[in-house]
Amino acid sequence: MIEVDDRLELSVESVAHGGVCVARHDGATVFVRHAMPGERVVAVVTEVRATFLRADAVEVLVAAADRVTPPCPWARPGLCGGCDWQHVAPHAQRRLKAEVVAGQLKSLAGLDVEVVVEVVPGDADGLGWRTRVQYAVSDDGVAGLRKHRSHDVVAVDWCRIAAPGVVDLDVPGRRWPDAGSVEAIAGGTGDRALVVTPRRARARVEPRADIEASMLVADGKGGVASLRGRPGVREQVGGRTFWVGGSTFWQVHPGAAAVLVEAVLDVVRPRPGDRAVDLYAGVGLFAAALAERVAPGGEVFAVEGAPGAVADARVNLRDLPAARVAEGRVDAALRRLGLGRVDIAVLDPPRTGAGRDVVELLAGLSPRAIAYVACDPAALARDLATFATLGYRLDGLRAFDLFPMTQHVECVAALVREESVSDRDR
């Protein structure tokens, strides 16, 4: 009977979704962190389930050729759980991520796709890129990062994947009484902000005189109040400035926004007079690019459910007559708008994917081309399988390494109607 903390000698077989590799022990599947395919390791069991085990490789008996020493001292078993692949050379990380994406598309959507994960400018060989880092705070006010699959806080000196502007804020080097978490934000324009979430609903958070940044307090409902400075940061993409509130989503890799806009436009190829929808529009990044290109005569409906993001989008799109912002759940908003038909569509859903209801509603609008921006390959594959039943097929896929050292990968999938595959070039 295997128990937690047992040590197993394992031959690691392949990579799996979730930043783990697969091994076998007496017929049981073992998902192993801190390992690589082809290695022989000693692993400590961290979780026992009815159908599988989880374990951490603590000793490498036979190493893979692309194994390296993790650049961060905290990226090890039992310590910070934020990075999954620091023990793997960056080029090999991208190969493993490509295998995961291809595997998910094959197993969940029946698609055979050759995947190449592209490098994105803006990091230092996988380090120094994360422009937003949320630190957990322990009961005694120490800010750190959480262990893998745990609420335990690891007190770190500084995060090696954090952007320089985030590191300069030195959140782990300060005490945070009454805080549950502190998010450090370094905007691309040089703006910096700290968002403090109180540990208790009525806890009072005081502005810190020792920090040169905007300081905000989260209200627990997705919004923030400014204690000092701007209630957010400014970002620049393609010559446009975007206002991003302190509680609002923005891509954390400095090269991400520009690369994704270029990829999306290459898929949908907007034309003057087009009617477009941008679903899960956030602060209006894609809607702005679309609105600039469908004018004159076109329309872009940006649909977003988070009130803070809606408010930001209305600010960011106010100079674009073609853009309209609709607030609400995407499925409900699409029904309410009653668009009838659109020419092109973009969707950038959360990690759980769009889901059947939204996919069916979007396909019912009959866009000639759809750009699907996905942060989870399994959710993408499930939604692609649904699109296939509604007359849309995958016409191309690009994958980007927007989260080096971690398991995460961003994809942009091109979907076209079966009867109009050639329409985009007319």
Side-chain angles (χ1 to χ4, degrees), residues 2 5-47 52-107 112-120 123-130 145 147-149 159-161 376-378 399-411:
I2 297 175
D5 293 333
D6 283 354
R7 294 169 71 93
L8 309 175
E9 188 170 320
L10 302 170
S11 294
V12 184
E13 298 174 3
S14 59
V15 68
H17 186 33
V20 297
C21 293
V22 177
R24 314 282 173 183
H25 181 78
D26 289 343
T29 298
V30 187
F31 295 114
V32 191
R33 295 189 85 236
H34 307 286
M36 290 184 65
E39 292 188 329
R40 185 78 180 166
V41 302
V42 176
V44 172
V45 176
T46 58
E47 185 178 349
F52 63 87
L53 309 173
R54 297 188 191 276
D56 284 344
V58 296
E59 182 182 352
V60 180
L61 305 176
V62 178
D66 290 316
R67 174 174 280 275
V68 298
T69 300
C72 176
W74 310 106
R76 286 169 170 78
L79 298 178
C80 175
C83 290
D84 309 283
W85 297 123
Q86 284 210 15
H87 60 287
V88 182
H91 72 274
Q93 293 179 31
R94 293 188 286 274
R95 185 183 70 241
L96 293 176
K97 293 181 185 186
E99 291 178 17
V100 169
V101 174
Q104 295 298 301
L105 293 175
K106 178 64 176 177
S107 64
D112 289 305
V113 180
E114 183 177 350
V115 180
V116 175
V117 177
E118 303 176 34
V119 178
V120 176
D123 59 71
D125 206 15
L127 302 175
W129 54 269
R130 193 174 181 94
L145 300 168
K147 293 182 181 180
H148 181 63
R149 298 176 65 84
C159 176
R160 272 57 175 179
I161 65 172
D376 184 88
F400 302 98
D401 198 14
L402 300 188
F403 309 92
M405 303 294 174
T406 80
Q407 60 157 313
H408 302 295
V409 59
E410 197 88 358
C411 297

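This is a predicted model, so every value here is computed, not measured.
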Enquirer: Nearest heavy-atom pair of G78 and K147: which atoms, and what distance?
Expert: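 Heavy-atom minimum between the residues: O-CE, 3.2 Å.
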
Enquirer: What is the minimum heavy-atom distance between G81 and D84, and which atoms define it?
Expert: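 Heavy atoms only, the tightest pair is O-OD1, 4.5 Å.
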
Enquirer: Measure the acute angle between the ring planes of H34 and H87, then classify it against the limits of 30° and 60° as parallel, tilted or perpendicular.
Expert: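 Because their plane-to-plane angle lies in the 30° to 60° range, the rings of H34 and H87 count as tilted.
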
Enquirer: Roughly how far, to the nearest 0.5 Å, is CE of M36 from OG of S14?
Expert: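 If I round to the nearest 0.5 Å, the distance is 12.5 Å.
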
Enquirer: Any heavy-atom pair between the side chains of V101 and C411 that's under 4.5 Å?
Expert: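 Yes, their side chains come closer than 4.5 Å.
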
Enquirer: So, do H91 and D66 sit near enough that their side-chain heavy atoms are less than 4.5 Å apart?
Expert: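 Contact flag for H91/D66 side chains = yes.
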
Enquirer: For side-chain contact (heavy atoms from CB on, under 4.5 Å), just list the numbers for V88 and V68, CA-CA rounded to whole Å, side-chain angles, deciding distance to a tenth of an Å, and then say yes or no.
Expert: CA-CA 6 Å; V88 182; V68 298; 5.8 Å; no

Enquirer: Return the SG to CZ distance between C80 and R160, rounded to the nearest 0.5 Å.
Expert: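 If we round to the nearest 0.5 Å, C80:SG and R160:CZ are 10.5 Å apart.
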
Enquirer: Using 0.5 Å steps for rounding, measure from the CD atom of Q407 to the NZ atom of K97.
Expert: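 If we round to the nearest 0.5 Å, Q407:CD and K97:NZ are 8.5 Å apart.
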
Enquirer: Can you check side-chain contact (heavy atoms from CB on, under 4.5 Å) on W85 and M405, steps first, answer last?
Expert: CA-CA 5 Å; W85 297 123; M405 303 294 174; 5.7 Å; no

Enquirer: Which residue is it: L96, V100, D401? I am looking for the one with a side-chain contact (heavy atoms from CB on, under 4.5 Å) to V117.
Expert: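 Passing option: D401.
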
Enquirer: Specify the closest pair of heavy atoms between W129 and L402, including all atoms of both residues, with the distance to one decimal.
Expert: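 Minimum heavy-atom contact is CZ3-O, 3.6 Å.
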
Enquirer: Which heavy atom in A35 sits nearest to a heavy atom in V12, and how many Å separate them?
Expert: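 So the minimum-distance heavy-atom pair works out to CB-CG2, 4.0 Å.
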
Enquirer: Please identify which of these residues, L10, V20, L8, meets the side-chain contact (heavy atoms from CB on, under 4.5 Å) condition with V32.
Expert: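 Per the side-chain contact (heavy atoms from CB on, under 4.5 Å) rule, the option paired with V32 is L10, out of L10, V20, L8.
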
Enquirer: Side-chain contact test, heavy atoms from C-beta onward, threshold under 4.5 Å: evaluate it for V42 versus L61 and give yes or no.
Expert: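 Yes, at least one pair of side-chain atoms sits under 4.5 Å.
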
Enquirer: Measuring from I2:CD1 to L53:CG, what's the distance to the nearest 0.5 Å?
Expert: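 If I round to the nearest 0.5 Å, the distance is 5.0 Å.
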
Enquirer: So, does Q86 use its side chain to make a donor-acceptor pair with the main chain of C72 at under 3.5 Å?
Expert: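 Side chain of Q86 to backbone of C72: a pair is present.
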
Enquirer: Look up atom CD in E13 and atom SG in C21, then write down how far apart they are to the nearest 0.5 Å.
Expert: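 One gets 10.5 Å once the value is rounded to the nearest 0.5 Å.
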
Enquirer: Excluding sequence neighbours, so at least two apart, what forms salt bridge (Lys or Arg N to Asp or Glu O under 4.0 Å) with E47?
Expert: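 Per chain and number, E47 pairs via salt bridge (Lys or Arg N to Asp or Glu O under 4.0 Å) with R49, R54, R149.
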
Enquirer: So which atom in R33 and which in C83 form the shortest heavy-atom distance, rounded to 0.1 Å?
Expert: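 R33 and C83 have their closest heavy atoms at NH2-O, 3.4 Å.
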
Enquirer: Identify the two heavy atoms, one from L79 and one from P73, that lie closest to each other, and give their separation to 0.1 Å.
Expert: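 Answer, listing the atom of L79 first, then P73: CD1-O, 3.7 Å.
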
Enquirer: Strictly below 4.0 Å, N to O, side chains only: are D56 and R76 in salt-bridge contact?
Expert: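 Looking at D56 and R76, the cut-off is not met.
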
Enquirer: Assess whether side-chain contact (heavy atoms from CB on, under 4.5 Å) is satisfied between R7 and V58, documenting all intermediate values.
Expert: CA-CA 9 Å; R7 294 169 71 93; V58 296; 4.0 Å; yes

Enquirer: Could you go through E9 and V41, starting from their C-alpha distance and side-chain angles, then the distance that decides it, and tell me whether this counts as side-chain contact (heavy atoms from CB on, under 4.5 Å)?
Expert: CA-CA 6 Å; E9 188 170 320; V41 302; over 6 Å; no

Enquirer: For the CG atom of D376 and the NE2 atom of H17, what is their distance to the nearest 0.5 Å?
Expert: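 The NE2 atom of H17 is 4.0 Å from CG of D376, to the nearest 0.5 Å.
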
Enquirer: Find out whether P377 and L105 are in side-chain contact, i.e. whether some heavy atom of one side chain is under 4.5 Å from a heavy atom of the other.
Expert: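 Answer no - side chains too far apart.
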
Enquirer: Can you confirm whether D125 is buried at CG, in the sense that more than 12 heavy atoms of other residues, nucleotides or ligands lie under 6.0 Å from that atom?
Expert: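 Counting neighbours around CG of D125, 12 or fewer heavy atoms of other residues, nucleotides or ligands fall under 6.0 Å, so no.
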
